[in-house]
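Please read the structure below before turning to the comments.
Just the heavy atoms: all of them, side chains too, but no hydrogens, waters or symmetry mates, feed the values below. In what follows, chains carry the letters A, B, and so on, assigned in the order in which the sequence lines appear, proteins first and then strands, with residues in each chain numbered from 1.
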Number of protein chains: 2
Amino acid sequence: MGSKGDALRQRIVAAADELFYKKGYENTSFRDISDEVNISRGNFYYHFKSKDEILNAVIDARISAFESMLKAWDKKIIDPKKRLYYFIDMLSRNEDEITSYGCPVGGLCTELAKTSHAMQGDANRMFIVFCDWIVTQLKLLGIKNNTKQVALHLLVLAQGAVTISNAFEDKRFLQQEVKRAKQWLDAEIPKYSRDE
Amino acid sequence: MGSKGDALRQRIVAAADELFYKKGYENTSFRDISDEVNISRGNFYYHFKSKDEILNAVIDARISAFESMLKAWDKKIIDPKKRLYYFIDMLSRNEDEITSYGCPVGGLCTELAKTSHAMQGDANRMFIVFCDWIVTQLKLLGIKNNTKQVALHLLVLAQGAVTISNAFEDKRFLQQEVKRAKQWLDAEIPKYSRDE
DNA sequence: GTCTATATCGAGATAGAC
DNA sequence: GTCTATCTCGATATAGAC
């Protein structure tokens with residue numbers, strides 16, 4: 001019945017996820033995806049009504065993946081400040097893909113803002129997942145005012161670093177910005193919660 | 001002979017410039033451009049060999065426009081710190097277009113990073129124009145160390161603010177980030193050169 | 001469920017009249 | 001120089017056999 005637990009469906013979504021990231025949504029064709037999954041092009045339409053529906057599935061899959069990733073972080077890392085460090089260090093850990101292809105969240109939102117205005121609202125839910133999680137950590141650290149604004153500024157620092165380091169394909173610059181983001185975070189966190 | 005001073009050629013470049021910004025390069029067709037300029041599609045190929053050549057012309061035109069814009073700023077504004085404020089305020093002045101379509105520089109670099117790797121080096125020259133100009137202002141303000149790194153960080157703040165405010169189509173957030181960028185700049189500039 | 005064919009469309013690009 | 005007509009290609013999507 002093509003349910004969400006369908007194995008092939010999941011393989012299609014996984015391949016589309018990666019290709020949308022590396023080539024962009026519009027620039028990825030069914031042929032690109034079928035080459036990866038080894039199915040015929042016609043077979044897509046048993047699992048999805050349209051390309052837009054694949055995009056929807058990819059966005060949902062990314063949101064789920066981000067949510068369980070953050071849950072795993074929460075379990076592994078107790079100190080909220082170290083959690084935020086770990087978030088920033090995601091840029092370091094993925095430096096190769098980021099300097100080559102940018103950010104899967106920001107890149108998709110930027111592309112959709114220029115084309116299918118309809119799907120933009122779905123895509124930016126990815127940002128909200130991270131924003132809410134950062135707000136939670138900030139509150140645990142004793143920050144009471146403007147937590148959302150501060151959380152969004154951390155996303156600003158990350159997205160800006162991605163855009164510039166991607167434009168110049170410069171990993172070293174990305175690392176510099178990781179350092180700066182951590183210093184900014186240190187300054188934002190009240191002293192009594194530092195160096196725990 | 002289709003020289004660079006050609007009036008129709010310039011009209012094509014101007015229309016392509018705006019469309020590449022608002023719809024993206026790949027997503028803009030010759031039909032889109034011809035609708036704007038009111039010429040036949042075949043006529044493009046008298047002025048340009050290919051779509052890529054139009055992109056090249058657009059990048060050159062943008063660089064020229066940015067350079068003369070910065071020259072005009074230098075003439076109009078004497079204080080280097082106020083020049084940098086004016087640079088940051090560009091986000092405010094263009095808030096409608098930025099929250100709708102992002103940044104013409106960052107957006108193009110991001111798109112080309114995912115597709116035509118060949119042209120990426122041409123596109124990021126747009127960033128270099130701004131980076132060099134910011135470095136000049138910082139040196140005039142007495143900053144001697146890491147001027148390039150500081151200049152690039154200002155671009156990071158701007159690009160990040162654009163990405164997030166564009167994703168949420170949120171002008172108010174953009175204004176908040178403009179304020180934050182100015183505060184960051186104040187902290188970067190040595191005291192003796194402040195409040196001139 | 002997965003396949004092979006095919007329909008349909010719009011893209012970039014070319015040829016040649018005027 | 002600008003036009004109309006056309007070529008070629010690759011895209012999404014559909015129909016129907018197996």
Side-chain angles (χ1 to χ4, degrees), chain A residues 1-59 108 111-112 114-119 122-123, chain B residues 1-59 108 111-112 114-119 122-123:
Chain A
M1 280 248 346
S3 83
K4 294 217 173 177
D6 199 329
L8 177 54
R9 189 192 149 101
Q10 281 181 306
R11 280 172 53 220
I12 293 172
V13 171
D17 190 348
E18 187 177 350
L19 285 162
F20 290 174
Y21 171 46
K22 295 189 174 172
K23 294 170 61 80
Y25 170 64
E26 292 282 354
N27 200 47
T28 298
S29 67
F30 282 92
R31 171 181 280 278
D32 292 326
I33 304 173
S34 68
D35 282 353
E36 207 70 31
V37 190
N38 278 317
I39 59 168
S40 71
R41 261 158 285 158
N43 194 2
F44 281 111
Y45 295 88
Y46 174 79
H47 299 277
F48 303 93
K49 278 205 300 282
S50 68
K51 197 184 173 190
D52 265 25
E53 207 169 272
I54 299 184
L55 176 58
N56 234 312
V58 166
I59 292 173
L108 186 57
E111 181 179 354
L112 294 184
K114 285 193 198 290
T115 53
S116 115
H117 252 231
M119 222 81 130
D122 298 303
Chain B
M1 278 251 343
S3 83
K4 294 215 172 179
D6 198 329
L8 177 54
R9 190 192 149 98
Q10 281 181 308
R11 280 172 54 219
I12 293 172
V13 172
D17 190 348
E18 186 177 350
L19 285 162
F20 290 173
Y21 172 45
K22 294 188 175 172
K23 294 170 60 80
Y25 171 64
E26 293 281 353
N27 200 47
T28 298
S29 67
F30 282 91
R31 170 182 283 277
D32 292 327
I33 305 173
S34 68
D35 282 353
E36 207 69 32
V37 190
N38 279 317
I39 60 169
S40 71
R41 261 158 285 157
N43 195 2
F44 281 112
Y45 294 88
Y46 175 79
H47 298 276
F48 303 93
K49 276 205 301 284
S50 67
K51 196 185 174 188
D52 266 24
E53 208 169 90
I54 299 183
L55 175 58
N56 234 312
V58 166
I59 292 173
L108 186 57
E111 180 178 355
L112 293 184
K114 284 192 198 291
T115 54
S116 116
H117 253 230
M119 222 81 132
D122 298 303

To the nearest Å, give me how far apart [atom1] ([X]) and [atom2] ([N]) are.
X	N	atom1	atom2	result
Ile54(B)	dA11(C)	CD1	P	14 Å
Asp6(A)	dG1(C)	CG	C1'	9 Å
His47(B)	dG1(D)	NE2	P	8 Å
Asn27(B)	dG10(C)	CG	P	14 Å
Arg11(A)	dG1(C)	CZ	P	15 Å
Tyr25(B)	dA11(C)	OH	P	14 Å
Arg41(B)	dC7(D)	CZ	P	16 Å
Phe44(A)	dA15(D)	CZ	P	19 Å

Among [options], find the nucleotide with the atom closest to the side chain of [X].
X	options	result
Phe30(A)	dA13(D), dT2(D), dA13(C)	dA13(D)
Ser40(A)	dC3(D), dC3(C), dA11(C)	dC3(C)
Arg31(A)	dA11(D), dC3(C), dA13(C)	dA11(D)
Asn43(A)	dC3(C), dA13(D), dT2(D)	dC3(C)
Lys51(A)	dT2(D), dA13(D), dG12(C)	dA13(D)

To the nearest 0.5 Å, tell me how far [X] [atom1] sits from [Y] [atom2].
X	Y	atom1	atom2	answer
Ile59(B)	Leu112(B)	CD1	CG	6.0 Å
Asn27(B)	Glu111(B)	CG	CD	8.0 Å
Leu55(B)	Phe20(B)	CG	CZ	6.0 Å

So what does [X] touch, heavy atoms closer than 4.0 Å: a base, only the sugar-phosphate, or nothing?
X	result
Tyr45(A)	base
Thr28(A)	sugar-phosphate
Ser29(A)	sugar-phosphate

Search all heavy atoms of Thr28(B) against all heavy atoms of Ile33(B) and return the closest pair with its distance. CG2-CG1, 3.9 Å

Examine dT2(C): is either OP1 or OP2 under 4.0 Å from a nitrogen or oxygen in the side chain of Tyr46(A)? Give yes or no. no

Between Phe30(B) and Phe48(B), is the gap from one ring center to the other below 6.0 Å? no

